[in-house]
Amino acid sequence: MSRKITIDPVTRVEGHGRVTIHLDDYGQVRDSFFHIVEFRGFERFVQGHPYWEAPVLVQRLCGICPVSHHLAAAKAIDQIVGVQPENLTPTASKLRRLLHYAQVFQSHALHFFYLASPDLLFGVDAPVEKRNVVAVAVENRELAIKGITMRKFGQEVIKAVAGKKIHGILATPGGVHNSLSTAERDYFLDGKEIENVDKMIEWSEEMVAFIAAYHETNRKLLDEFAWFPSGHLSMTNSEGGMELYHGTLRAIDMDGNITLHDVPTDDYEKYFSEAVAQWSYMKFPYLKHLGREKGWNRVGPIARMNVCTFIPTPLAEKARKEYFSFAGHKVVNSTMYSHWARLIEMLHCAEEMKILLHDADILKNDLETKGIQTNKGIGIIEAPRGTLTHHYEVDDKGRITKCNLIVSTTHNNDAMNHAVRWVADHVINRKGTITDNMLNQVEVAIRAYDPCLSCATQALGKMPLKAELYDAAGNLLDEKYKN
Amino acid sequence: MMPPETCWMKNTKTDRSSILVLGIGNTGRADDGLGWKFLDELSTSPAEDLTVEYRYQLQIEDSELVSQYQTVFFVDASHTRIQDGFSIMPATPAAYYHFSSHAQNPETILYLAKTIYNKCPKAFTVAIAGQKWGLKQGLSKAASDNLRKALDGFHAIITSGA
């Protein structure tokens, strides 16, 4: 008797997802799907609004990564007012970068400490009452304090630079509206009121050492769990190094061969297309010249680590070399390495924040650049979860006529479906029932990609957990709720 | 170090002002903005020992913030009908966990403050009944009336020193 297993929705991701696993008459997995069932349509909401509102409006996509949407939109709007990224004033460019590194730092801290650490500390088969950050706080108080303090540091930088921790505003068309005062800058350096940026670097190094040791003792699981081949996409700088704010787009295949060679972000439309599926509101981006089946890529920490040839800060670069030395591959295709990659990026962001906080340009008042208005702007950044694209077109009155958003989680749509399929094949296959442990392993695989389904579908919603089991005739065999 | 079961600071003065009011909500969703409107009203006559913080949702790091205060009020809109239009109830630490990185409840925040920082502020939840929850700015008439009653109730507690 064939069966359909539904996990609805997935927990500890941002938004509302649902997984269905279809078994054949022999109990083997026939198919699996990671459905995105919410829809809000932000791309349509934005149309008709004046372009200068976009960097503010799009922040409402998400309460977790509003800074990323703000900056991607700002880069696009810069082009509409005739200002290219390299023409921003040093103050504007460096303050935006400081904001961006703080955002990536705090977002990665949230994911690792609040969402992923229960999976790592207690194991993927831990009982449900242990699989949360409250249990982490009880059993590992020091880790909890560091996690909270590191996230808070990033949020405090965001607040200082953009005015608020959530939905603050820094960027204006062609620049920024404010710079930091000496006192605001020193707050993050002197360590008198909060742990300073040096402490963030020190703790980030500790976390990288922690995850490296964790891989050492759990190598088989982490190498094999949700392994699958794929392409990888990210921005790089002009030398091929890791670049999170502005660079060119590079993609590689599962073996490291370049499939997209450092193309300008403005040309993304030439190379990317988006497929749709009947069973999900989330699209499937892919490289046109490779086609729908072979052209999809992972994005985010694991992809950035694979694509770049170096990281331009010394401690993170040392950590990157150790990561690949341990992995033993030129390209890492193991899903669970994304946690390690994420922590290396935290270290990189902490180092970059220190450099910028010591740069006198962030205190100056040369804030904006003027240009000649155009009708099109494309802004691409490497957001915490991966490559984020904002594309706007405006009429002669400056009203937005087109908005296209390709968010990081959308790029990872195929990857998350492959991760679910791996768990289905290796954990659920030929089992007569589905257990909490199996459900959690599905979630662990998805969670490694830190999906933001709110961003991907621009949805609103609550998040109860419901699991349903159906037979081939559509009869409900079993159901479970978590709330 | 004290065991996590006990709090070494109970209602002692810190370097922070002594009362924290956390308003939770979203002013873009009609009466869901009650928590923020409550803070707006308090801010019209600021008190030296009272700090207000606006939140869309409570998050785990708020445990560090509440650990610095003697008394904490969590103010939020309520979807359920309340007899007097509002309620002010004591809140105590509890290890609930909601399946999300955001939207923790006050009891969990207090539990984390106790577990991680060994601090137990006196805490209350202020629930204010709302009626409208659509995508709209501004409160309904009923919610505005309930907001006024809740503010009176809050000031009565503060004045009495309870």
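Side chains are part of it too, since the values below use all heavy atoms of this structure and drop only hydrogens, waters and symmetry mates. Just so it is clear: chains get the letters A, B, ... in the order the sequence lines come, proteins before strands, and each one is counted from 1.
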What do you reckon, is NZ of Lys132(B) surrounded by more than 12 foreign heavy atoms closer than 6.0 Å? no
Is there a side-chain contact between Glu64(B) and Arg151(A) (heavy atoms, below 4.5 Å)? no
Looking only at heavy atoms, the pair that brings Ala137(A) and Thr115(B) closest together is O-CG2, 3.9 Å
Could you tell me which non-hydrogen atom of Val134(A) sits nearest to which non-hydrogen atom of Thr108(B), and how far apart they are? CG2-CG2, 3.8 Å
At a 4.5 Å cut-off on heavy atoms, which part of Leu112(B) comes close to chain A: side chain, backbone, both, or neither? side chain
Minimum heavy-atom distance Ile60(B)-Ile148(A), with the two atoms named: CG2-CD1, 3.9 Å
Partner set under side-chain contact (heavy atoms from CB on, under 4.5 Å) for Gln47(A), not counting sequence neighbours: Arg44(A)
Examine whether an atom of Glu142(A) lies under 4.5 Å from a heavy atom of chain B, and if so say whether it belongs to the side chain, the backbone or both; otherwise answer neither. neither
State plainly whether the residues Glu61(B) and Lys152(A) are in salt-bridge range, i.e. N to O under 4.0 Å. no
